[in-house]
Amino acid sequence: MTTRLNPITTPRHELRAEKARRNMEAALHAFIGKKAEIDEMLARLQALSDDHFNCAPDEAGWAMVGTLEHYASLLKRITDSAFGEGEHAR
């Protein structure tokens, strides 16, 4: 339960501290939500990879290689950004 502070009788520093606390709480909830979203995408990608990207051995042609190259290039952009590599090197 959130206690509402009265802006008339509560000192400014307490109001600012409460606002900062609520802001941090909202940021934490948003962070957890985005992390869950990423975890779900990663799990789906891992399952697709485990199933050889729905490609039977007799269907593995250059078109599928091109598709995987595209996926790899998109993932490389993400990993480069996350780990400070490639064009994101620090």
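Note: hydrogens, waters and symmetry copies are ignored here, and every other heavy atom, side chains too, is used. All figures in this text were calculated on a predicted structure; none of them were measured in a lab.
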Enquirer: Do the side chain of Ser81 and the main chain of Arg77 share a donor and acceptor less than 3.5 angstrom apart?
Expert: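 No, Ser81 side chain to Arg77 backbone: no donor-acceptor pair under 3.5 Å.
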
Enquirer: State plainly whether one hydrophobic cluster holds both Leu45 and Ile78, where clusters connect Ile, Leu, Val, Met, Phe, Trp and Tyr through side-chain heavy atoms under 4.5 angstrom apart.
Expert: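 They do share one cluster, since a chain of ILVMFWY contacts under 4.5 Å joins Leu45 to Ile78.
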
Enquirer: Answer yes when Glu25 and Arg22 have at least one side-chain N-carboxylate O distance shorter than 4.0 Å, and no when they do not.
Expert: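 Salt bridge flag = no for Arg22 with Glu25.
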
Enquirer: Can you tell me if CE on Met24 sees more than 12 non-hydrogen neighbours from other groups inside 6.0 Å?
Expert: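 Check fails, neighbour count at 12 or below.
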
Enquirer: So with a 6.0 Å cut-off around CD of Glu87, is the heavy-atom count from everything else above 12?
Expert: no

Enquirer: Atom CZ of residue position Phe83 - does it have more than 12 heavy atoms of other residues, nucleotides or ligands inside 6.0 Å?
Expert: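 Not more than 12 within 6.0 Å, no.
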
Enquirer: Closest approach of Asp80 and His88, non-hydrogen atoms and distance?
Expert: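 Here Asp80 and His88 meet closest at O-CB, 3.5 Å.
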
Enquirer: Could you tell me whether the side chain of Ser73 and the main chain of His70 form a donor-acceptor pair under 3.5 Å?
Expert: yes

Enquirer: Report yes if the side chains of Gln46 and Leu42 come closer than 4.5 Å at any heavy-atom pair, otherwise no.
Expert: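 SC-SC contact between Gln46 and Leu42 ruled out.
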
Enquirer: Between CZ of Phe53 and CD of Glu59, what distance do you get to the nearest 0.5 Å?
Expert: 14.5 Å

Enquirer: Rounded to the nearest 0.5 Å, how far does CG of Leu74 lie from OG1 of Thr79?
Expert: 11.0 Å

Enquirer: Are Leu68 and Leu48 grouped together when hydrophobic residues (ILVMFWY) are joined by side-chain heavy atoms under 4.5 angstrom apart?
Expert: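 Yes.
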
Enquirer: Salt-bridged, Arg44 to Glu40, with N to O below 4.0 Å?
Expert: no

Enquirer: Quick check: closest heavy atoms across Lys35 and Asp39, and the distance to 0.1 Å?
Expert: NZ-OD2, 2.6 Å

